[in-house]
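Only one structure is covered here, and it is reproduced in the block below.
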Amino acid sequence: LEEALIFELGCEGQTGVDIEPASKAVSPALAKFRRKAAPALPGLSEPEAVRHYTRLSRQNYGIDLGPFPLGSCTMKHNPRLNEKMARLPGFADVHPLQPQKTVEGALEVIEQLADWLMKLTGMASVAMSPKAGAHGELCGLLCIRAALDARGESREIVLVPESAHGTNPATAAFAGFKVQAIPATPEGRVDLEALKEKLGPDVAGVMITNPNTCGLFEPDLKEIADAVHEVGGYVYCDGANFNAIVGRVRPGDLGVDAMHINLHKTFSTPHGGGGPGAGPVVLSEALAPYAPLPFVTRGEDGEVRLVEEENRGEGHERAFGRMVAFHGQMGMFTRALAYILSHGADGLKQVSEDAVLNANYILRSLEDVLEAPFGKSGPCMHEALFSDAGLPEGISTLDIAKGLIDEGFHPMTVYFPLVVKGAMLIEPTETESKQGLDRFIASMRNLAQRAREQDESLHTAPHFAPRRRLDETRAARKPVLVWKGDEAA
Amino acid sequence: LEEALIFELGCEGQTGVDIEPASKAVSPALAKFRRKAAPALPGLSEPEAVRHYTRLSRQNYGIDLGPFPLGSCTMKHNPRLNEKMARLPGFADVHPLQPQKTVEGALEVIEQLADWLMKLTGMASVAMSPKAGAHGELCGLLCIRAALDARGESREIVLVPESAHGTNPATAAFAGFKVQAIPATPEGRVDLEALKEKLGPDVAGVMITNPNTCGLFEPDLKEIADAVHEVGGYVYCDGANFNAIVGRVRPGDLGVDAMHINLHKTFSTPHGGGGPGAGPVVLSEALAPYAPLPFVTRGEDGEVRLVEEENRGEGHERAFGRMVAFHGQMGMFTRALAYILSHGADGLKQVSEDAVLNANYILRSLEDVLEAPFGKSGPCMHEALFSDAGLPEGISTLDIAKGLIDEGFHPMTVYFPLVVKGAMLIEPTETESKQGLDRFIASMRNLAQRAREQDESLHTAPHFAPRRRLDETRAARKPVLVWKGDEAA
Amino acid sequence: MRYLPLTPADRSSMLETVGASSVDELFRDVPEAARLSGPIAGLPMHASEMAVERHLGKLAAKNLDAGSAPFFLGAGAYRHHVPASVDHLIQRGEFLTAYTPYQPEIAQGTLQVLFEFQTQVARMFGTDIANASMYDGSTACWEAILMAARVTRKGKAVLSGGLHPHYGEVVRTMAKFTRDEIVSLTPELSAQTDDAAVIAAIDETTSSVVVQYPDIMGRIPDLEAIAEAAHAAKALLIVVVTEPVALGLLEAPGHLGADVVVGEGQSLGVGLQFGGPYLGLFGCREKFVRQMPGRLCGETVDAEGKRGFVLTLSTREQHIRREKATSNICTNSGLCALAFSIHMSLLGGEGLEQLAAINHDRTQALVERLTQIPGVSLLSDAYFNEVTLVLPRDAREVVRELADKGILGGVSLGRLFPEQVDLHNGLLVTATETVTLEDIEEFAAGLAAVLEGEAA
Amino acid sequence: MRYLPLTPADRSSMLETVGASSVDELFRDVPEAARLSGPIAGLPMHASEMAVERHLGKLAAKNLDAGSAPFFLGAGAYRHHVPASVDHLIQRGEFLTAYTPYQPEIAQGTLQVLFEFQTQVARMFGTDIANASMYDGSTACWEAILMAARVTRKGKAVLSGGLHPHYGEVVRTMAKFTRDEIVSLTPELSAQTDDAAVIAAIDETTSSVVVQYPDIMGRIPDLEAIAEAAHAAKALLIVVVTEPVALGLLEAPGHLGADVVVGEGQSLGVGLQFGGPYLGLFGCREKFVRQMPGRLCGETVDAEGKRGFVLTLSTREQHIRREKATSNICTNSGLCALAFSIHMSLLGGEGLEQLAAINHDRTQALVERLTQIPGVSLLSDAYFNEVTLVLPRDAREVVRELADKGILGGVSLGRLFPEQVDLHNGLLVTATETVTLEDIEEFAAGLAAVLEGEAA
């Protein structure tokens, strides 16, 4: 199962691509800039390359093989229709700087997706260009900053609950704010009173995740939003968990001013082993004028129009700037739109219902064998949270996670949220069947049983994966980030 | 690793496809023909279906995972370009009965491929419609039958060497001929004198495989052909092994009258777990007039023309009939043409050179540990033949083959050709790298060593495959060909 | 040369191992005169991927593909929408690049799919069993006739006039050489199928009766009546289904007395592909199992008792049985069977029924609209998704004139039956779920214009 | 609803397990007022695959794709031919549908690819190390400036006027909020790059100098001279490469003194895609490893001593480090990195060199032909595959008029630099290996006609 590296497979001076020979010599003016030697990289013949990557792929686990119950990551089925649509030459083979009249269909895709996102969230506008969730958070905070600047205020504080995604405080700091934490209640929700106490003229806004990272809906969000607005702040909502409420609840109705939407979560664009994602940000009336360029909008005449630096004066003059070189993740927009059109308004409502039902089914099917810290708080939303509190000494959440690999599943999210010790956050999504959930539940019960029996082999799991536990400390202590096998000689 | 059957996964009454509802009732005239109940078949949601087939695929071995050294099957790399080309809507989404002027590009593909096949073989014509190798053999023999009919002769005997593919005598019998066997010489070639003795006015023709199934070139083919022609017979050449000589030798120059070409072997159209193949048959001047309909030809005016029953009088009136409903394996034609154009005349010559070099490399690297019955006959062509003669009592060719599975390889062809006891026929093809061959050779040497050491575990190999040895007798004794799990209830 | 991994250094070192000074030496058994000294003259040299794409892309663009025009052709090849996941899955290297599953331990993927496929086909056809596929519908039809001859030990097949003429031609071609007797009834432009004529043609020497369902003109024969007559003469009823989607709405032939059901499976998963590769379907009674043509996959267990699948009863096959094989089939249509099976797994019986319903719905809309055109009449009102229209003149010209307008307006009976002048005003049209109401409107306008043009 | 596996029966039985009478009960924490009673009004209901394909197919057809026109755009996004195997392989479900490899035991596929990718990028750039990718070139550029500030503990970046204006705009936007100082030099329509001005702008407070190579007008700066000046002031030289194919012909920036090399990787494997997703490349000196942004994959061993790979040094990352993270990057461009890496594995250094040669060759042919047109002149004769032509009038109108003729004739400097009127006659044109001589001829004829039209 050890696959050689390309550097061990191929040899330099070879190539697996046939390229027409050049008919002209390199121009003399270029001579002094020429590379002394081609990069020392092997070229594999196509048969070698296809096998290398096919075999490597088989050392990966993906949604296509089974459940990926990573809480807060929403790993759902990735329809192949969406891949097919994104590859239509009219989308895949157009340049971002073509004259606008030659890309009207592409701009339509952006606008139609934007329209759906606004209607699904009940918001006034959407900034489409952010490249991923964290980038969207940044965009939202920069909109807030721009709005404060426009008001001539320089508020410095952003309130973030303890249970927030790590990206939330990181983004706020990146945007130049000071982060202040808000504690959680014993029921796993934002402490409303503690939050209200911190509100004041220095507060730029609050960043809240709803449903929150304990898998619970924040029933006080509207009240929080009203309180924040009252002191002149803005409400940022982390939209990572939008899958729990899509089609059933509009964040705009709860007073949210900005929320990023992970197209690679809720709208099923494939995660690809770590991206690309896409993080459009829906914005309230208050923040809408500051959305960055490029900006696609539908004019009064019904025509779709692209606003860039060149024509920002014609309708979007207060944009706070530009976050990326081009239009954002077009390929992801096409996939997300295909997904949304396939489900429609009725299907998206069914999505959140099934996602929530599946999570509650897991919660109630496991709470007798695993500690569910907020099990008493009522139904969970789209993810079920457990902790290692009930496990015997010596058996950790990590052991359960690695044991799950041997059962044929990807582990859940572990040690997050931080507010729960040894957290296990399980998000099945709506694309798991009952039969699949039952198998997963049986595996979890089996692991819990083994844990109770102090089964030592759990400590060394996984046993049946392509690799046993890997030495991460060694990797970090003296990092080996590139292959140097040829330098040794 | 046991994957449930679709009937165990899904349930009836469900569907994984969204279909627009019908707006009209079924017409009354149809009422009496209506089905009482929909077929009792489950419909899987798309996530369930994708996982089912993805997981099943992982229980398969394919060229994309490693070598497939099946002698006489020519399992080479399948370029993805060819898949892409075959899926162009202009090829994949045209109907075989569209008006000719709307399918001129498709007919061009057929004609251009035919032209290459004729030039590569030095033959006068080609029948494109046969669906696979055996079907091509049948086509060739029917051409011979038609030519004899046209001469008013009813010769009944076809001579077939002992070492021929099983399909050869089967096809001859199917076409109504009587088969007579020709023995092989101790060097593994056709016994020229024995053949000449059988020639006479009753002989319709001879079927010869060249290179033959012992992996050797038949140096006497031209002499055989001359002798057969002299008594009024025809020469059929089994083209399964054309990969050994493509671009270097033209069968037409050796006196061949008909030869099928397995596009799924020499020209790399994927085998797909058992087809589709394609078996065009090149024909000499003598047999050309009898090629079946439909027939694509380029007229004097340079235009490509399709001859069918409707217009057979305009140029192909002696066609012996029709072998298939439409034009043959268009999808395979496109792939084969893409492959041929990619290699060009120079590349195809390199193909046979590398295929032969790879086979000889295996032959010479293993002949000290495995008996090579014709190792002394000189170089082999594109496949190397070994036997179990040198193996210790109790270790069979089958054990070696199954042991190879545990080494990570697909086994070679076993117990064929029949003229060699316990034959192992190894065909690496030109798309294996030296590094890959060296790994294969090391594995074979390791197996030979284990055999010498009477390693009992060889009898029960494979141990690391998705299944252990399967009970084929049980399957044949009381065949279970369809799932009846729901009838049991 | 991107597909060839050997480097010049590899070649030298390997020649050394082999003990040859050059690769030419390895070809020394080839007679001098037949050895080519260099690349074959007059043929181009190797080309880049981009160049090949350009060349084939241009040829593809010369065709009018069905997605770019109002499209109404059928006659044995039907355009249906195939879910994107089907094509994705069949391209998995482990499926696409595998050989025939002769080594079952590492071919359970292919084998389990074939077992599921056989079950799907049998349930759709209403037969006890089915095989693992044939080349296409026409060759499956001929193989069925051969099997009936083996089973009944008689040698005369009666072909309904409603049988696809290309299928009939394949049967007659093959029979010419095997010397079986074929009685082909003459098709007529009539509202009724030729059940009565078929029944009349059956006698004691008849081995099989071949009836298409629905037939080439879109009509639906009475299988039960024909089955009764065939069985009375100890002949087998072979039913040919060229459009399996019809079986979402019509009773399964196996439930109506058919002994063998064969068909063309391209409707599901495979696509039009200018006629191939296609997918021959073959189902029959369980008692014929050892006379069946083609590969069969059967359930068994492995050495550890796990369920598994193998190719079975291969002693019927030619690569084993040589002169005594039951059929000419060797390589078959495994990948097309996979595509069919995935599509069918997604549809299920429920989806097949819904698909059939929308096909019938669209065809009803098509018929309603086209028969409003003066001079156009419908041949028979019992139809599924294909009908014969009778036009005031030779439909071959009409089809060509429609093509000039960018409309792919069906198949003329004149093209299918060139020698039968009495059929030449017949136009065969089909509407599947891929046809829109706008397509129908465009077709109707075009057809009206073409027919008016004649009057003018 | 084809993506939802739960059946109505499943839902009932699960609700029973959960102890809820309806799914609404599970949403009881949502305030009454915010609960929607039914599907959101004004939005369409679910649609079949076929309907979605039709809808998106129509939108796609409204665009003029690069394959359907003579195409000469570059300016930070280049059209190259991608081997078919690349797209096939990245669609393998195990790659496509995997998450970030946080569980390395079952993610070695992704991880080994990232390790190979990092090595490929580092060797191409001539840097010690590289990371596992960034969002795109523009964000990688900003991250490099931030890293330089952390490393040098200074806060002023000098941007060459040759930097892509969108990159500059991203940098200035972000700096506005983080309050870093950015000195942006003004681009000029001159044969020379602004090396001298860049060097002059460096002072002791400078943390980094950002130079594009080749620059936005296709010219090639003298990196060694700038590196020397930067290093003398203890500033880092950041080199931006928007066209990595250039590095098949041009010396690697890392070999010329660059401390950080960032770039846009879409040229290899990824394609145009109307601007995204793209692939940010990031390489630098080994000593900056703990200040680097983005994910890193490192080699290690497993419990049995087998070589394996893991994400490492993640304590720099925001999901761990929260307020103290080194960058905003979380999700990155894993799949694009895979595509790049496969394409590069096929090319190898040799193929990259050949590819660069044919790009340069085509551009030479383009320049020769276009400069024959009266009024058209070449800005600089040291170029790779992109040049600036100086036209007799505003190139923005020329580009639009060419588009009316179906020619995608480059990018006008006016679009890129709307506020700099002195650049508006500049037209940026690119020819890659995908351009044919016929394309060039068609472009030349079109351009001549457009320019003559003005004279008339």
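No hydrogens, no waters, no symmetry mates; every other heavy atom, side chains included, goes into these values. Below, chains carry the letters A, B, ... as their sequence lines are ordered, and counting in each starts from 1.
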Value for CE (Met14(C)) from CZ (Arg364(B)), rounded to nearest 0.5 Å, stands at 13.0 Å
If one checks every heavy atom of Asn358(B) against chain C at 4.5 Å, the contacting part turns out to be both
CD (Gln120(C)) and OG (Ser345(C)) are apart, to the nearest 0.5 Å, by 4.5 Å
Cut-off 4.5 Å, heavy atoms of chain C, and the answer for Glu83(B) is side chain
Applying a strict 4.5 Å limit to non-hydrogen atoms, the region of Lys58(C) in contact with chain B is neither
Cut-off 4.5 Å, heavy atoms of chain C, and the answer for Leu254(B) is side chain
Output for pair (Ile245(B) CD1, Arg35(C) CZ), nearest 0.5 Å, gives 13.0 Å
When the 4.5 angstrom heavy-atom criterion is applied to Ala61(C) and chain B, the contacting part is neither
CG of Asp471(B) to CG of Asp302(C), rounded to nearest 0.5 Å, is 9.5 Å
Note to self: Ring of Phe7(B), cation from Arg123(C) - is the NZ or CZ under 6.0 Å from the centre and inside 45° of the axis?
What the structure shows: yes
Looking only at Ile90(C), Val399(C), Leu247(C), most heavy-atom pairs under 4.5 Å shared with chain B are made by Leu247(C)
Pair Asp87(C)-Gln91(C), side-chain donor/acceptor within less than 3.5 Å:
yes
Under 4.5 Å to a heavy atom of chain C? For Ala175(B) that would be backbone
Applying a strict 4.5 Å limit to non-hydrogen atoms, the region of Lys349(B) in contact with chain C is side chain
Side chain to side chain contact (heavy atoms under 4.5 Å, CB included) filter on Ile220(C), not counting sequence neighbours, yields Leu30(B), Phe33(B), Tyr213(C), Pro214(C), Leu250(C)
Max heavy-atom pairs within cutoff under 4.5 Å with chain B, candidates Arg172(C), Glu25(C), Met344(C), Arg79(C), goes to Arg79(C)
Applying a strict 4.5 Å limit to non-hydrogen atoms, the region of Leu65(B) in contact with chain C is side chain
When the 4.5 angstrom heavy-atom criterion is applied to Glu308(B) and chain C, the contacting part is side chain
Across all chains, not counting sequence neighbours, the salt bridge (charged side-chain N to carboxylate O under 4.0 Å, His left out) partners of Arg248(B) are Glu353(B), Asp24(C)
- Item | Flag for Asn78(B)-Thr97(C): side-chain donor and acceptor within less than 3.5 Å | no
Whatever's closer than 4.5 Å to a heavy atom in chain C on Leu216(B) counts as neither
Honestly, the part of Lys84(B) sitting under 4.5 Å from a heavy atom of chain C is side chain
So, the part of Asp136(C) with a heavy atom under 4.5 Å from chain B: the answer is side chain
Applying a strict 4.5 Å limit to non-hydrogen atoms, the region of Leu5(B) in contact with chain C is both
Of Lys176(C), Arg28(C), Glu264(C), His255(C), the largest count of non-hydrogen pairs under 4.5 angstrom with chain B goes to Arg28(C)
Applying a strict 4.5 Å limit to non-hydrogen atoms, the region of Glu2(B) in contact with chain C is side chain
Honestly, the part of Pro462(B) sitting under 4.5 Å from a heavy atom of chain C is side chain
Report yes or no: do His264(B) and Gln329(B) form a side-chain donor-acceptor pair below 3.5 Å?
no
